[in-house]
Amino acid sequence: MKFTIIATSDIHGHTERFSQLAQMIAARQPALLIDNGDFLQGSHLSYYYDYIVEKQHPQIELANKLGYDVAVFGNHEFNYSSEKIQSIRDACSFPWIAANIPGFAQPYVIKEINGLRIAVIGITTHFTKNWDECESTKHLHFENAFECAIKTVKHVREIEQAQLVILSYHGGFERDLHSGHLIDLEQGENEGYRMLQEIEGIDLFITGHQHLEIATVANGVTVVQPGANAHCFAQIDVTIEHGTFSFEPSIVQVDSTLKIQSFPQFDAWKKQPIGTADRALTYADFFTPRTKMTAYTQTLHNMQLHYTGAQISVIELPYHSQGGFPQRITREDVLHNLPRANRLLVIQMTGAEIRRAIEQNAAVFALNDQGEIDFSMAVYYPEPQPYIYDLWGGIDYTIDLRQQTGQRVTKLTFEGNPIQDNEIFEVAVNSYRATGAHQLPMFQKQPIREADKFIPDLMMDYIEQTSPLTIQIKNEFQMK
């Protein structure tokens with residue numbers, strides 16, 4: 001007997017490309033179609049349907065027509081309110097599962113294919129609660145992903161009498177699959193390697209969250225991770241002969257020549273000009289806006305301070321090598337540079353906490369052999385990841401990379417005066433950073449106030465109201 005299993009993961013609402021993948025998937029007629037989470041949230045199109053026109057995301061209708069058998073809750077599903085999550089579940093013709101969120105979702109599904117009893121278990125990284133900005137997980141209990149996977153695999157084997165067990169885990173790997181070398185902090189966000197090594201009874205292991213493209217065998221288990229943003233999917237061809245299973249995994253890239261679903265109203269909305277600047281507020285390389293104050297980053301700080309009345313502003317930049325606003329600015333330019341629907345909060349921080357946060361940011365960088373600013377050689381472990389880096393406005397500061405990590409902030413002043421450890425400041429920060437995620441507990445505070453719109457909306461409003469933008473750099477930031 002032969003049949004095909006197809007898995008997607010981390011589509012993030014990129015429905016245009018997903019419409020091409022859907023044609024490819026339909027042509028293959030899989031016996032089992034699984035999505036591994038982070039299905040809708042994260043694209044410009046999703047922002048438009050979620051917050052501008054407030055209509056059902058068209059990707060749901062496409063997924064229903066395609067005939068998904070099941071979807072696993074990813075962490076980004078919980079960027080929505082509880083009510084929005086329920087409306088998504090109601091609109092889908094397939095179940096959403098997560099064994100380690102008891103009382104919220106069913107743990108697994110059973111499907112029979114030609115008399116073969118197949119179990120698909122869903123597991124969601126339990127770090128999801130750490131990133132909750134909408135309090136949608138406030139009343140939910142997330143069991144430890146690894147411990148729940150052990151008992152659920154055993155249950156479907158012994159009680160459900162499953163003959164083929166698929167563990168679909170919205171999480172990734174803390175170690176390299178083949179060498180065993182650490183590639184992430186072993187704190188529980190990603191436990192895929194441990195699951196592979198220590199859980200017996202898994203036939204097929206579907207992973208995600210890290211946006212990698214993997215199709216391999218590790219410790220005797222077939223493993224896939226189907227990339228992200230609808231660029232590809234994982235196909236697993238299954239053969240059963242004389243009671244023995246064999247699996248052939250592969251990653252199938254999107255065929256960009258296929259007809260793509262269009263969204264004319266969305267396209268018109270995002271291309272609409274919303275303002276101008278007296279010059280292009282752009283950057284053309286990765287390091288420039290992260291190593292000195294620029295007119296573009298000053299614009300973001302100005303907006304945050306304008307809408308919050310805070311003394312200090314904290315921003316993070318997407319992991320783009322090029323960005324900023326052109327002289328003629330559209331909504332699409334704003335969403336490219338501010339892609340997440342975060343809220344803008346004001347928290348109180350001491351001078352000591354501010355210094356500690358900047359020192360942690362500074363650990364991302366180092367001087368290379370040519371004396372140029374580069375990433376630290378140890379940035380991936382155990383140092384912070386290179387995308388976890390903030391820029392500060394409203395203060396003057398200098399980072400000296402020639403100094404030891406933790407002692408690199410050589411200047412830190414507010415309105416010309418050195419910041420004292422016990423001083424308290426009002427700091428504007430996005431709601432994701434205020435969760436304290438990524439080992440930044442100094443930001444984990446109850447807000448004293450917040451703006452009434454998401455940050456991308458605030459930026460659009462600010463550009464419309466202050467156009468043409470004329471930006472003067474107000475604070476000195478230097479990295480050397």
Side-chain angles (χ1 to χ4, degrees), residues 41-42 47 50-51 75-82 84-85 125-140 142 185 187-189 290 297 300-319 337-364 384-385 387-395 397 412 414 419 421 423-459 462:
Q41 197 271 344
Y47 191 89
D50 291 338
Y51 306 116
N75 56 293
H76 280 287
E77 266 67 60
F78 297 95
N79 286 145
Y80 293 122
S81 67
S82 299
K84 177 71 172 179
I85 295 170
T125 174
H126 56 263
F127 260 48
T128 298
K129 284 185 77 76
N130 298 342
W131 308 315
D132 185 1
E133 302 171 44
C134 300
E135 296 192 333
S136 56
T137 68
K138 184 177 182 180
H139 301 294
L140 300 179
F142 280 68
L185 295 169
Q187 295 188 328
E189 176 182 352
R290 290 167 169 80
T297 50
L300 302 187
H301 289 307
N302 289 353
M303 180 276 289
Q304 294 201 159
L305 295 174
H306 172 79
Y307 285 114
T308 63
Q311 297 165 289
I312 298 172
S313 165
V314 178
I315 61 172
E316 55 176 324
L317 302 182
Y319 205 54
N337 289 279
L338 298 168
R340 296 208 303 252
N342 297 133
R343 292 169 293 130
L344 183 58
L345 313 178
V346 179
I347 61 174
Q348 290 184 325
M349 297 182 70
T350 67
E353 289 172 329
I354 291 170
R355 180 180 291 274
R356 192 158 64 249
I358 297 175
E359 287 285 6
Q360 191 159 330
N361 290 161
V364 167
Q385 299 288 333
Y387 53 82
I388 305 170
Y389 180 74
D390 295 322
L391 294 156
W392 294 69
I395 61 175
Y397 64 109
L412 185 60
F414 176 75
I419 291 177
D421 284 354
E423 282 187 274
I424 297 176
F425 297 90
E426 291 189 355
V427 180
V429 62
N430 72 58
S431 52
Y432 179 72
R433 185 60 79 235
T435 66
H438 300 298
Q439 292 80 54
L440 290 166
M442 68 288 293
F443 288 108
Q444 193 173 8
K445 307 285 186 71
Q446 285 296 317
I448 58 175
R449 59 183 179 274
E450 64 180 80
D452 60 356
K453 292 183 178 181
F454 292 118
I455 289 175
D457 286 334
L458 293 173
M459 192 74 248
Y462 184 78

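Since the model is a prediction, treat every value here as computed from it, not as a measurement.
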(message) Working to the nearest 0.5 angstrom, can you tell me the gap between M442 CE and I358 CD1?
(response) 10.0 Å

(request) List for me each residue that meets side chain to side chain donor-acceptor pair (under 3.5 Å) alongside E77, sequence neighbours excluded, and say none if there are none. (result) none

(message) In the structure I gave you, are the side-chain heavy atoms of N337 and L300 within less than 4.5 Å of one another anywhere?
(response) no

(message) Side chains of S82 and S136, heavy atoms from C-beta outward: is any pair under 4.5 Å?
(response) yes

(request) Can you sort out the partners of Q311 under side chain to side chain contact (heavy atoms under 4.5 Å, CB included), two or more places apart, ordered by chain and number? (result) F414, F425, E426

(message) List the residues meeting side chain to side chain contact (heavy atoms under 4.5 Å, CB included) with K445, not counting sequence neighbours, and say none if there are none.
(response) I347, M349, E353

(request) Just jot down the side chain to side chain donor-acceptor pair (under 3.5 Å) partners of K453, sequence neighbours excluded, or say none. (result) D461

(request) Nearest 0.5 Å please: distance from the CG atom of N130 over to the OH atom of Y432. (result) 9.0 Å

(message) Let me confirm one number: the CE-CG distance from M303 to L458, rounded to the nearest 0.5 Å.
(response) 5.5 Å

(request) Compare all side-chain heavy atoms of I312 with those of W392 and state whether any distance is below 4.5 angstrom. (result) yes

(request) Quick one: list whatever passes ring-ring contact (aromatic ring centres under 6.0 Å, His included) with H126, sequence neighbours left out. (result) none

(message) For a quick test of reading the model, state the closest non-hydrogen atom pair linking A341 to Y51 and the distance between them.
(response) CB-CE1, 3.5 Å

(request) Apply side chain to side chain donor-acceptor pair (under 3.5 Å) to T435 and list each qualifying residue two or more places apart in sequence or on a separate chain. (result) none

(request) Find the distance between CG (L345) and OG (S431) and round it off to the nearest 0.5 Å. (result) 5.5 Å

(request) Search all heavy atoms of H301 against all heavy atoms of G393 and return the closest pair with its distance. (result) CE1-N, 3.1 Å

(message) Could you work out, with side chain to side chain contact (heavy atoms under 4.5 Å, CB included) as the rule, every residue matching A428, not counting sequence neighbours?
(response) Q304, T308, A310, L344

(message) Q439: which residues meet the side chain to side chain contact (heavy atoms under 4.5 Å, CB included) condition with it, sequence neighbours left out?
(response) L185, Q187, Q360

(message) Any non-hydrogen side-chain atom of Q348 less than 4.5 Å from a side-chain atom of I448?
(response) yes

(message) So, taking the atom named CD in E189 and the one named OG1 in T128, what distance separates them when rounded to the nearest 0.5 Å?
(response) 9.0 Å

(request) Give, for atom CE of M459 and atom CG of L338, the distance between the pair rounded to the nearest 0.5 Å. (result) 7.0 Å

(request) Quick one: list whatever passes salt bridge (Lys or Arg N to Asp or Glu O under 4.0 Å) with D390, sequence neighbours left out. (result) R433

(message) Determine whether R340 and E316 satisfy the following criterion, side-chain contact (heavy atoms from CB on, under 4.5 Å), listing intermediate values before the conclusion.
(response) CA-CA 11 Å; R340 296 208 303 252; E316 55 176 324; 2.8 Å; yes

(message) Using a 3.5 Å distance criterion without hydrogens, assess whether the side chain of T137 forms a donor-acceptor pair with backbone atoms of L140.
(response) no

(request) Could you tell me which residues satisfy side chain to side chain donor-acceptor pair (under 3.5 Å) with Y80, sequence neighbours excluded, listed by chain and number? (result) D50

(message) Any heavy-atom pair between the side chains of T125 and W131 that's under 4.5 Å?
(response) yes

(message) Checking the side chain of Y389 only, and the main-chain atoms of V364 only, is there a donor and an acceptor separated by less than 3.5 Å?
(response) no

(request) Report the residues that fulfil ring-ring contact (aromatic ring centres under 6.0 Å, His included) with F78, sequence neighbours left out, ordered by chain and then residue number. (result) F73, F104, F142

(request) Please identify each residue that fulfils salt bridge (Lys or Arg N to Asp or Glu O under 4.0 Å) with E423, with sequence neighbours left out. (result) none

(request) Determine whether N430 and F443 make a side-chain contact, defined as any pair of heavy atoms from C-beta on separated by less than 4.5 Å. (result) no

